[in-house]
Every structure is written in C-alpha cells, then in structure tokens.
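Everything numeric here is computed off the predicted structure, so don't read it as measured data. Throughout, residue positions are numbered sequentially from 1 according to the sequence presented.
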Amino acid sequence: MTPLAEDITRYRAAHERVLGRIEAAAARVARDAGSVQLVGVSKTVPLEQLRAAVAAGITVLGENRVQEAMSKIAGLPSAEWHLIGQLQGNKAGRALEFFDVIQSVDSVGLAERLSRLSSQVGGSPQRVLLQVNVDADPAKAGFLPGSLDEALSRLLELTGLQVEGLMTVGRYVERAEDARPTFVSLRRLSERLRAGHPGLGGQLSMGMSLDFEIAVEEGSTIVRVGRALFGDRLVVT
Ligand SMILES: *Cc1c(COP(=O)(O)O)cnc(C)c1O
C-alpha cells in the first residue's frame, strides 16, 4: 500500500522539528548534531503509518516488543530497527533475526545466549548496547552501574556480539532538567569503563521525547523519540 501524501507531509514536518531541536541543543554545547542518531520509537504505531514515516525520512525505528515488531519489520525491511524493550531469553533468536541493534541487553546470561545464537547463524556479530539502571530504580531493568566492570570482562569476550555502548531509560521526571543528573552519570560511567575496557564502544543511548535536548547537551549519541514524532500513544506500554 502506498502511504498517503498527507501522512508523509505530517511526518516530514515532525521529523524536521525534532531534528531542529537536536541541532539547537547540540549547538548550545558546541557539539556536531551529526553525531546524534535519531531513533523514532514506533511502538503502537501501525505499519501503514510507518510506511509514511519512512518515506518522510524517519528511517531508524525502535520497538519495545519483539512480537509486535516482527510483522512491521517484515513489511519495512529497508528501515534500520532497534529493540529498546526488555528481551526474554526465549525470544533471543527472533530478536537476532529481526533487529539490527539490540539496545536492551540487561544481563550477562542474555548476552551469552545472544552471542551463542549469533555465532551459530554466522555473519557479522550482533550490534548491542548494554542497558544500565543508572538510578538503581527497582522498577527498571538493566545492569547496576557497580556491576558493569566485572560484567564487561566477560561481555567483551563474546565473539558473537559487538558492544557499541550503553543505554539508559531515565526515571520519570516532571521537568526535563531533572533528568540531567542521570544523563551525566551514564556519560561518566561510560568514560570510566572505557578507560579500563577499550573494547567497549562509545555510544550513549539516552533521551526521549520529554528530555532529549538535555540528553544531547550531556553527550547522548542516540535519542529515542516516540511521541514528539508520532503523536501521543493511545495505549500505554
Ligand atoms: C517508549 C519508549 C521511548 C520513547 O518514549 P517517548 O516518550 O514516546 O519519546 C524511549 N525509550 C524506551 C525504552 C521506550 O520504551
């Protein structure tokens, strides 16, 4: 099905607005906006709408559920797809098959499984990020910051994975500015870890619709933006 021109126009405008805000935030701290990748978080957005979004230039998409994402990815294989939600071990094979980047690796066990499966399939190592629970929020998944030093000694030996960096989901904040300390913590953690583990990549996936400009000011290289591109979600996920 061909996307509707009016949908493409709407997404193009939303995309340009978000890119403009990324550029302004980068300029405030003398960063190159080209070093920030925008992932459009498309959970709950149906495939027909996503066709329009991709036609409008939103070509990197993020989904939080493997099951929901598979038919969208099959329908839009030209986009780059990132998994940003918790991954159950029994869906690891599907995740490898469908996603270009798995941002939500949150345990050594999951990483070992992904690496093993990826090596069996062959080809290039699976691109992953390690999800970090920066604020030690009991409601959130991710490595605790204090556990990463030891975990990395094992994770960086896994030949089926390419560990490109760290990702965090900030705690809910009323004001975007309140998210800043979380972003600063993730950046400093990355710097400290990379000094001891040169194999760890420097990507920092942090910032969502409400706080991505603050994240860019604090060094984010990947922002995950849903509502500011696609509008409010009717379903809470
Ligand atoms: C939903 C989601 C986002 C995007 O949130 P918005 O507020 O819509 O920008 C980013 N990251 C993760 C992990 C998400 O689940």
Checklist entry - Are R187 and E191 close enough for a salt bridge, meaning some N to O gap below 4.0 Å? => result yes

Next on the checklist: Tell me the closest heavy-atom pair linking G207 and A215, and the distance in Å.
Outcome noted: CA-CB, 3.6 Å

Item to check | Partners meeting ring-ring contact (aromatic ring centres under 6.0 Å, His included) with F183 (sequence neighbours left out) | outcome: none

Checklist entry - Are any non-hydrogen side-chain atoms of V121 and Q126 less than 4.5 angstrom apart? => result no

Checklist entry - Atom CG in N64, atom CD in Q103: separation rounded to 0.5 Å? => result 11.5 Å

Next on the checklist: Using 0.5 Å steps for rounding, measure from the CG atom of L129 to the CE atom of M206.
Outcome noted: 12.5 Å

Checklist entry - Have T221 and Q37 got a donor and an acceptor in their side chains that come within less than 3.5 Å? => result no

Item to check | S185 side chain vs P181 backbone, donor-acceptor pair below 3.5 Å | outcome: yes

Checklist entry - Are V132 and V184 co-members of a hydrophobic cluster defined by side-chain heavy atoms under 4.5 Å apart? => result no

Item to check | Short N-O contact, R94 and E97, less than 4.0 angstrom | outcome: yes

Next on the checklist: For a quick check under 3.5 Å, do E164 and Q162 share a side-chain donor-acceptor pair by atom type?
Outcome noted: yes

Item to check | Side-chain donor or acceptor of S205 paired with backbone N/O of M167 under 3.5 Å | outcome: no

Checklist entry - With no hydrogens and no angle check, is any side-chain donor or acceptor of N133 less than 3.5 Å from a backbone partner on K140? => result yes

Item to check | From CG (L50) to OH (Y11), nearest 0.5 Å | outcome: 7.0 Å

Checklist entry - R31 side chain to S220 main-chain N or O, any donor-acceptor pair under 3.5 Å? => result yes

Checklist entry - Would V225 end up clustered with V216 when hydrophobic side chains under 4.5 Å apart are linked, directly or stepwise? => result yes

Checklist outcome for this item: Closest non-hydrogen contact found for A95 with I102 is CB-CD1, 4.0 Å

Checklist entry - Looking only at atom types and distance, does a side-chain atom of R21 sit under 3.5 Å from a main-chain N or O of E213, one as donor and one as acceptor? => result no

Checklist entry - Same hydrophobic cluster for V41 and I73, using side-chain heavy-atom links shorter than 4.5 Å among ILVMFWY? => result no

Item to check | Basic-acidic side-chain contact under 4.0 Å: K43, E68 | outcome: no

Checklist entry - Between L114 and L96, is a side chain to side chain contact (heavy atoms under 4.5 Å, CB included) present by the stated rule, with each step listed? => result CA-CA 7 Å; L114 287 169; L96 281 171; 3.8 Å; yes

Item to check | Minimum-distance pair of heavy atoms, taken over all atoms of F230 and G40 | outcome: CE1-C, 3.8 Å

Checklist entry - So among L158, L156, L152, which one has a side chain to side chain contact (heavy atoms under 4.5 Å, CB included) with R154? => result L158

Checklist entry - Looking only at atom types and distance, does a side-chain atom of S209 sit under 3.5 Å from a main-chain N or O of A228, one as donor and one as acceptor? => result yes

Checklist entry - Going from CG on L117 to CD on E112, what distance comes out if it is rounded to the nearest 0.5 angstrom? => result 12.0 Å

Next on the checklist: Quick check against the 3.5 Å criterion: does R127 have a side-chain atom that pairs as donor or acceptor with the backbone of D100?
Outcome noted: no

Next on the checklist: Side-chain heavy atoms nearer than 4.5 Å, only ILVMFWY residues, links allowed to pass through others: does that put I22 and V39 together?
Outcome noted: no

Checklist entry - Side chain of S190, backbone of L186: donor and acceptor closer than 3.5 Å? => result no

Checklist outcome for this item: CZ (R65) and CD (Q88) are apart, to the nearest 0.5 Å, by 10.5 Å

Checklist entry - Does atom CD of E150 have more than 12 heavy-atom neighbours, drawn from other residues, nucleotides or ligands, at distances under 6.0 Å? => result no

Checklist entry - Side-chain heavy atoms under 4.5 angstrom apart, residues restricted to Ile, Leu, Val, Met, Phe, Trp, Tyr: same cluster for V54 and F99? => result yes

Next on the checklist: Does this structure show an ion pair linking R171 with D137, if we count only N-O contacts that are shorter than 4.0 Å?
Outcome noted: no

Checklist entry - Counting N and O atoms only, with roles assigned by atom type, does the side chain of K72 sit under 3.5 Å from a partner on the main chain of S42, one being a donor and the other an acceptor? => result yes

Item to check | Nearest non-hydrogen partners of S104 and G85, listed with the distance | outcome: OG-O, 2.7 Å

Checklist outcome for this item: When rounded to the nearest 0.5 Å, the distance separating OG1 of T182 from CG of D211 is 8.5 Å

